[in-house]
Each structure stands twice: as C-alpha cells, then as structure tokens.
Amino acid sequence: MAYQLLFSYMGTYPNINLTFSSQVGTNLSIYEVIDLYNEVKNKIKRDFIYINVSSKTSNTTYKIKKYTNLKELLNYIGINEINKLVLNRKIKLNTYDFLLDENTLKIEVS
C-alpha cells in the first residue's frame with residue numbers, strides 16, 4: 001500500500017531515487033524523518049533539535065537551535081542550582097559549558 005503512494009509521487013520531484021528493500025525493522029530517528037521531509041519539500045536544512053529536560057518537579061521537551069550552549073538553556077529554563085547533571089542517562093557532566101547537538105536527547109537535572 002505504501003509503495004503505491006510512493007509511485008504516485010514519481011516524476012513529481014526531481015533527483016529522488018526510489019529503492020525497495022526487503023529489510024524489516026529499519027529504524028529512523030525523528031531527525032532523519034524531518035530531514036527527509038525537508039528534502040522532499042525543498043526546504044532548508046534542519047537547524048533545530050528537541051531535548052527533554054527532566055528534574056524532580058517537571059519533565060519538559062524543548063525545541064532549540066543546534067549547538068546551543070547547555071548553560072544558556074539552563075538559564076532560560078530558570079535552573080540555577082544543580083547538584084548532578086546527566087546527559088542521555090549515561091554521561092555525567094561537571095561543567096555546563098557544553099554544546100548540544102542531535103546526539104543529546106535527554107538531560108536529567110537534580
């Protein structure tokens with residue numbers, strides 16, 4: 001069914017190659033899907049990311065520009081005193097001078 005929809009778009013957009021694969025379970029990140037959408041719609045490249053910031057009292061997702069400094073984000077949110085900072089549930093940070101990119105998905109603050 002999905003391939004029939006793709007065939008209806010063939011020839012509409014130049015420089016798109018349609019390839020069928022028998023691989024099952026191909027996973028795309030949300031950023032890859034957004035980039036594909038922007039390529040099809042001939043939009044500019046994505047310059048933002050989504051980051052989930054969780055603390056004891058809240059759990060919020062923010063849309064920010066790529067390579068934003070972590071300290072700027074924390075100041076914007078209003079988090080000033082931090083005992084522990086963990087990125088992606090793996091990396092413990094001692095400094096707040098850190099650039100955020102698409103590899104950063106979650107920030108845990110306590």
Any chain of hydrophobic side-chain contacts (each under 4.5 Å) joining L74 to Y50?
->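 Yes; Y50 is reachable from L74 via cluster members.
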
[X] [atom1] to [Y] [atom2] distance, which is reported to the nearest 0.5 Å:
{"X": "L99", "Y": "E72", "atom1": "CG", "atom2": "CD", "result": "9.0 Å"}
{"X": "T104", "Y": "L70", "atom1": "OG1", "atom2": "CG", "result": "8.5 Å"}
{"X": "L100", "Y": "I51", "atom1": "CG", "atom2": "CD1", "result": "4.0 Å"}

Neighbour count above 12 (heavy atom, 6.0 Å) for F48 CZ =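 More than 12 heavy atoms, drawn from other residues, nucleotides or ligands, come within 6.0 Å of this atom.
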
Identify the heavy atoms of L87 and F98 that sit nearest to each other, and give their distance.
->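 Residues L87 and F98, closest heavy atoms: CD1-CE2, 3.2 Å.
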
Would you say N88's side chain and K106's backbone share a donor-acceptor pair under 3.5 angstrom?
->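 Side chain of N88 to backbone of K106, a donor-acceptor pair under 3.5 Å: yes, one is there.
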
Got I77 and V109 here, is their nearest side-chain heavy-atom distance under 4.5 Å?
->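 The answer is no, as the side chains (C-beta and beyond) never meet within the 4.5 Å cut-off.
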
Could you note down all residue pairs passing salt bridge (charged side-chain N to carboxylate O under 4.0 Å, His left out) where residues 84-99 supplies at least one of them, sequence neighbours left out?
->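 Sorted pair list: R89-E108.
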
Residues which pass salt bridge (Lys or Arg N to Asp or Glu O under 4.0 Å) with K66, listed by chain and number, not counting sequence neighbours =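 Only E102 meet the salt bridge (Lys or Arg N to Asp or Glu O under 4.0 Å) criterion with K66.
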
Can you list the residues that meet the ring pair (Phe, Tyr, Trp, His ring centres under 6.0 Å) rule with Y96, with sequence neighbours excluded?
->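 So Y96 forms no ring pair (Phe, Tyr, Trp, His ring centres under 6.0 Å) with any residue.
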
Which pairs of donor and acceptor atoms, one on a side chain in residues 56-65, lie under 3.5 Å apart (sequence neighbours left out)?
unit_1 : atom_1 : unit_2 : atom_2 : d
S58    : OG     : S55    : OG     : 3.4
N59    : OD1    : N52    : ND2    : 3.3
K65    : NZ     : D47    : OD2    : 3.0

